[in-house]
Amino acid sequence: YLGYLQIDVDEFDLAELALDLKQVQLANSSVSFTQFPKVSKAKDNTESKAAAYPQPPLLLSLDRLSLTDNQFAFSNESYLRQAEVLDFNHLNFQDLNLEARQISWQADSLQAQIKQMSLEDHSGFKVNRFETKAFFGAQQIRARDLLLRTPQTNIQLDYTADYADFSAWAQNLAEGI
């Protein structure tokens, strides 16, 4: 369901696959994504590749992103639903609000200044306020001036994690979960 959408394009360079946007506004809308179980295929004998830093389909620059009173649902049907907990395989965010600035997705990094975000999941998990200056790169993750407020929690911190390469970080994260 699409309520209100406004996209102001500054430049779209097809030769360089670069998109520069002034602003994107989405309000009173609903987005739903369902991932169904993969169909089994014959096992191939090639080695599995290590996780690589995700490459964007194009270089993206966005001055301002505004989401107001939206709903976002994601369901991974390969996993059973977990009752009464925040289930990352079955999310259903209501009242999703976000104000972000200076978003940039380049070949080796993603960064954004999140001025304010709030949401409530169907599980009861609620974020009253989230803000940070975030950077995610091939060898480092940073969250400066991070603030997370829920009805029961108030967290403020600066965080930096360095790693040799993205695949090592992804492997450590997967083993920790």
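The first residue of the sequence shown is numbered 1, and numbering continues consecutively from there. Not measured: the values here are computed from a predicted model.
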Legend entry - Stepwise side-chain contact (heavy atoms from CB on, under 4.5 Å) check, L147 with F130: CA-CA 5 Å; L147 170 66; F130 175 79; over 6 Å; no
Inset, instruction - Please answer: with hydrophobic residues joined when any side-chain heavy atoms are less than 4.5 Å apart, are L119 and Y1 in the same cluster? - result: no
Legend entry - Neighbour count >12 (heavy atoms, 6.0 Å) for atom CG, L80: no
Inset, instruction - Scan for ring-ring contact (aromatic ring centres under 6.0 Å, His included) pairs involving residues 58-85, sequence neighbours excluded, and state none if there are none. - result: F33-F74
Inset, instruction - Might you point out which heavy atoms bring V85 and Q82 nearest each other, and give the distance in Å? - result: CG2-CB, 3.5 Å
Legend entry - Sequence-distant partners of T153, side chain to side chain donor-acceptor pair (under 3.5 Å), two or more places apart: T150
Legend entry - Counterpart residues, side-chain contact (heavy atoms from CB on, under 4.5 Å), relative to D158 (two or more places apart): R144, D145
Legend entry - Non-neighbouring partners of Q94 that pass side chain to side chain donor-acceptor pair (under 3.5 Å), sequence neighbours left out: Q71, N92
Inset, instruction - Would you indicate whether the side-chain heavy atoms of L62 and W105 approach each other to under 4.5 Å? - result: no
Inset, instruction - Using a cut-off of 6.0 Å, state whether more than 12 heavy atoms not belonging to E84 lie near its atom CD. - result: no
Inset, instruction - Mind listing the closest non-hydrogen atom pair of S78 and P37 along with its distance? - result: OG-CA, 3.3 Å
Legend entry - Residues which pass side-chain contact (heavy atoms from CB on, under 4.5 Å) with A143, listed by chain and number, not counting sequence neighbours: T132, L146, Y159
Legend entry - For S32, all residues meeting side-chain contact (heavy atoms from CB on, under 4.5 Å), sequence neighbours excluded: A73
Inset, instruction - May I ask you to decide if T68's main-chain N or O and N70's side chain share a donor-acceptor pair within less than 3.5 Å? - result: yes
Legend entry - Residue list, side chain to side chain donor-acceptor pair (under 3.5 Å) with R81, at least two apart or on another chain: S75, H90
Inset, instruction - Quick one: list whatever passes side chain to side chain donor-acceptor pair (under 3.5 Å) with D121, sequence neighbours left out. - result: S123
Inset, instruction - Kindly say whether D69 contributes a backbone atom to a donor-acceptor pair with the side chain of N97 at under 3.5 angstrom? - result: yes
Inset, instruction - Check the pair R101, D63 against side-chain contact (heavy atoms from CB on, under 4.5 Å), reporting the backbone distance first and the verdict last. - result: CA-CA 5 Å; R101 304 279 192 276; D63 292 336; over 6 Å; no
Inset, instruction - For the pair K133 and E131, find out whether any cationic side-chain nitrogen is under 4.0 Å from an anionic carboxylate oxygen. - result: no
Legend entry - Backbone of S118 reached by a side-chain donor or acceptor of Q116 within 3.5 Å: yes
Side-chain polar contacts of residues 18-27 - donor-acceptor pairs under 3.5 angstrom, sequence neighbours left out - could you list them?
{"residue": "D20", "atom": "OD1", "partner": "S61", "partner atom": "OG", "Å": "3.4"}
{"residue": "Q23", "atom": "OE1", "partner": "R64", "partner atom": "NH1", "Å": "2.7"}
{"residue": "Q23", "atom": "NE2", "partner": "D8", "partner atom": "OD2", "Å": "2.8"}

Legend entry - Backbone of A164 reached by a side-chain donor or acceptor of Q139 within 3.5 Å: yes
Inset, instruction - Step through the shown structure and confirm whether more than 12 heavy atoms of other residues, nucleotides or ligands are within 6.0 Å of OH on Y4. - result: yes
Inset, instruction - Provide the closest heavy-atom pair for G3 versus S29 in the form atom of the first, atom of the second, distance. - result: N-OG, 2.8 Å
Inset, instruction - Give the intermediate values and the outcome of side-chain contact (heavy atoms from CB on, under 4.5 Å) for residues T160 and Q140. - result: CA-CA 7 Å; T160 301; Q140 184 181 72; 3.4 Å; yes
Legend entry - Step-by-step side-chain contact (heavy atoms from CB on, under 4.5 Å) determination, L86 to L91: CA-CA 7 Å; L86 183 60; L91 297 171; 3.8 Å; yes
Legend entry - Residues that Q111 engages under side-chain contact (heavy atoms from CB on, under 4.5 Å), provided they are two or more places apart: S104, F135
Legend entry - Distance, nearest 0.5 Å, that separates CD of Q156 from CG of L148: 10.5 Å
Legend entry - Spacing of CZ belonging to R142 relative to CG belonging to D162, to within rounding of 0.5 Å: 9.0 Å
Legend entry - Between CZ on residue R149 and CZ on residue R129, distance to nearest 0.5 Å: 7.0 Å
Legend entry - CD-CG distance between E99 and L67, expressed to the nearest 0.5 angstrom: 8.0 Å
Inset, instruction - For P151 and K126, work out which heavy atoms get closest and say how close. - result: CD-O, 3.5 Å
Inset, instruction - Report yes if the side chains of L65 and I103 come closer than 4.5 Å at any heavy-atom pair, otherwise no. - result: yes
Legend entry - ring-ring contact (aromatic ring centres under 6.0 Å, His included) contacts in which one or both residues fall within residues 108-127, not counting sequence neighbours: none
